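These numbers were taken from a predicted model, which means no experiment stands behind them. Here, residue 1 is the first one in the sequence, and each next residue gets the next number.
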Amino acid sequence: MNAENLPEFEGPMCPLPLPHSEQILLGHGSGGKLMHDLISQVFMPPLHNPFLAQCDDASVIPILDELSATPSVRLAFSTDSHVVTPLFFPGGDIGKLAVCGTVNDLAMMGATPRYLTAGFILEEGLEVEVLTRVLHSMRQAAEEARVLIVAGDTKVVEKGKADGMYINTAGIGVIEHNLYISGNNAQPGDVILLSGTIGNHGIAVLEARQELGFSSHIQSDIAPLNTLVEALIHGGIRIHAMRDPTRGGLATTLNEIAAQSKVGMLIHEEQIPIQPEVASVCEMLGFDPLYIANEGVMITIVAKDDAPAALEVMRASKYGTQAAIIGEVLETPVERVLMKTAYGSTRVVDTPSGEILPRIC
């Protein structure tokens, strides 16, 4: 059939999907495909350098010895901004989130977090008592993670322009081992472990907004994971990749690693830990818990022979008692994540295109 023989259509027609490339949308910050496109197509071209190109939770920077010109130490460096609303929610607040978020980004590179900075954007009219509560929460989280907040900055904006408070944190950690841990290093045959239940944080924040129409006992899972990572490293586990599944949840994070490492992945639905109450809320609201944000859970990809020992180490840790082996890394399909469902079928677990829940991290 050529163009002259194409039928004529009258009335409205379904247009091609909009590329969303001219204006910033909320979905550009959700952790899904829109955000990845924004990073790769807008941020990366003008800012590209070898460290930024690592595309991990933190950049690993070698510090060279002046005499030998060989790396004498490796540092991990990361930054993150936190715009959660409301500021306080079951199990946490924006202050604890800010500290643990950056601590965990450093830990996911196998680094020992040492120092943080904190920048505050405060909205005119914010009560000083609220700020004080947040600062005390940050101090407690920093003490648990064994890090110091060593520098900061404060700006105040007009009323209505900051949701009360935004916090940016940056952090430096030291890598004190010879492991190469990166989203680029997942290898066929590796085993995928998850340190705890999924979906708690996103649902807790949603409930705090009073958008559920009912109440639950779900608490955010915010926690510093650096001690859990240290236990794995000290246990001699051959870790190839780690990532905390925050924005976009477990599904998006696994897709990120699969794309970075050029591998496939197979996960098993019945092996993924999830609290029954979280599963029930997600079913009632039509959410897929695989895409709900987490703040105290980590994905760990290890050599197959080390998986049983890694699981034992995790379950002995305060924040890994519900750890589970959830899948394996495959050669194919490249850059795809598959899931064996509870019904025995296999489905593709893709990256979401846009926004799921706004401002949860």
What verdict does the side chain to side chain donor-acceptor pair (under 3.5 Å) test give for E176 and T112, after you've listed the backbone C-alpha separation in whole Å, the side-chain angles of each residue and the deciding distance to 0.1 Å?
CA-CA 8 Å; E176 301 172 303; T112 300; 3.2 Å; yes
Could you tell me the separation between the CD1 atom of I218 and the CD atom of E277, rounded to the nearest 0.5 Å?
4.5 Å
Can you check whether K159's main-chain N or O pairs, donor with acceptor, with E124's side chain at less than 3.5 Å?
yes
V191 side chain reached by L193 side chain, heavy atoms, under 4.5 Å
yes
Going from CE on M242 to CG on L228, what distance comes out if it is rounded to the nearest 0.5 angstrom?
8.5 Å
Between E328 and G189, is there a donor-acceptor pair closer than 3.5 Å when you use the side chain of the first and the backbone of the second?
no
Hey, are Q219 and N200 close enough side-chain-wise for a donor-acceptor pair under 3.5 Å?
no
With a 4.5 Å heavy-atom cut-off, do M298 and L194 have their side chains touching?
no
So does Y343 get a backbone contact from the side chain of T341, meaning a donor-acceptor N/O pair under 3.5 Å?
yes
Answer yes or no: is there an ion pair linking E144 with R139, defined by an N-O contact shorter than 4.0 Å?
no
Side chain to side chain contact (heavy atoms under 4.5 Å, CB included) evaluation trace for F120 with L126
CA-CA 12 Å; F120 296 83; L126 178 73; over 6 Å; no
Using only heavy-atom distances, determine whether the side chains of Q322 and T197 contain a donor-acceptor pair under 3.5 Å.
no
Are side-chain heavy atoms of V337 and V348 found at a separation under 4.5 Å?
no
Quick one: pull up NE2 in H177 and NE2 in H234 and give me the separation to the nearest 0.5 Å.
8.5 Å
Verify, without hydrogens or angle tests, whether N104 (side chain) and L225 (backbone) share a donor-acceptor contact under 3.5 angstrom.
yes
Does any donor atom in the side chain of Q187 or N185 lie under 3.5 Å from an acceptor atom in the other side chain?
yes
So, S261 side chain and A186 main chain: donor-acceptor pair closer than 3.5 Å or not?
yes
When clusters are formed by joining ILVMFWY residues with side-chain heavy atoms under 4.5 Å apart, either directly or through shared neighbours, do I257 and L179 land in the same one?
no
Which value, rounded to the nearest 0.5 Å, describes the distance between T117 atom OG1 and D153 atom CG?
9.5 Å
Using a strict cut-off of less than 4.0 Å between a Lys/Arg side-chain nitrogen and an Asp/Glu carboxylate oxygen, indicate whether E123 and K161 qualify as a salt bridge.
no
Give a yes or no answer on whether the side chain of S195 reaches the backbone of A323 with a donor-acceptor pair at less than 3.5 Å.
no
Between S137 and K96, do the side chains contain an N or O donor and an N or O acceptor separated by less than 3.5 Å?
no
Please check if I301 and M108 belong to a single hydrophobic cluster, counting links between Ile, Leu, Val, Met, Phe, Trp and Tyr side chain heavy atoms closer than 4.5 Å.
no
Can you get from L52 to L38 by hopping between Ile, Leu, Val, Met, Phe, Trp and Tyr side chains that sit under 4.5 Å apart?
yes
Could you check D57 against R243 for salt bridge (charged side-chain N to carboxylate O under 4.0 Å, His left out), going step by step and ending with a plain yes or no?
CA-CA 7 Å; D57 282 347; R243 192 71 59 86; 3.7 Å; yes
Determine whether L285 and L206 make a side-chain contact, defined as any pair of heavy atoms from C-beta on separated by less than 4.5 Å.
yes
Does a donor on one side chain sit under 3.5 Å from an acceptor on the other, for N168 and S81?
yes
Polar side-chain atom of E269 near backbone of K340 as donor-acceptor pair, under 3.5 Å
no
Measure the spacing between OG1 of T79 and CZ of F77 and express it to the nearest 0.5 Å.
6.5 Å
Nearest 0.5 Å, what's the CE-CG distance between M109 and D56?
4.0 Å
Close side-chain approach of I121 and V156, heavy atoms under 4.5 Å:
no
Are H240 and Y180 an aromatic pair, judged by ring center distance below 6.0 Å?
no
Side-chain contact test, heavy atoms from C-beta onward, threshold under 4.5 Å: evaluate it for D244 versus V297 and give yes or no.
no
Is any side-chain heavy atom of V99 less than 4.5 Å from a side-chain heavy atom of Q140?
no
Short side-chain to backbone donor-acceptor contact, N49 and F51, under 3.5 Å
yes
Counting neighbours of CD on E283 that are heavy atoms of other residues, nucleotides or ligands and sit closer than 6.0 Å, is the number greater than 12?
no
Atom CZ of residue position F88 - does it have more than 12 heavy atoms of other residues, nucleotides or ligands inside 6.0 Å?
yes
Would the number of heavy atoms belonging to other residues, nucleotides or ligands and lying under 6.0 Å from CZ of R238 be above 12?
yes
Do T169 and D80 pair up side chain to side chain, a donor and an acceptor below 3.5 Å, judged on atom types alone?
no
Shortest non-hydrogen contact from L106 toward A58
CD2-CB, 4.2 Å
Just by modelled atom types, is the P245 backbone N or O under 3.5 Å from a matching donor or acceptor in the N294 side chain?
yes
Before giving the answer on salt bridge (charged side-chain N to carboxylate O under 4.0 Å, His left out), spell out for R247 and E295 the whole-Å C-alpha distance, their side-chain angles and the decisive distance to 0.1 Å.
CA-CA 9 Å; R247 287 176 295 178; E295 289 293 343; over 6 Å; no
Would a hydrophobic clustering, with Ile, Leu, Val, Met, Phe, Trp and Tyr connected at side-chain separations under 4.5 Å, put I299 with L232?
no
Do L330 and I326 share a hydrophobic cluster, counting only Ile, Leu, Val, Met, Phe, Trp and Tyr and linking them when any side-chain heavy atoms are less than 4.5 Å apart?
no
Quick one: are M339 and L266 in side-chain contact, heavy atoms under 4.5 Å?
no
So does V302 get a backbone contact from the side chain of D306, meaning a donor-acceptor N/O pair under 3.5 Å?
no
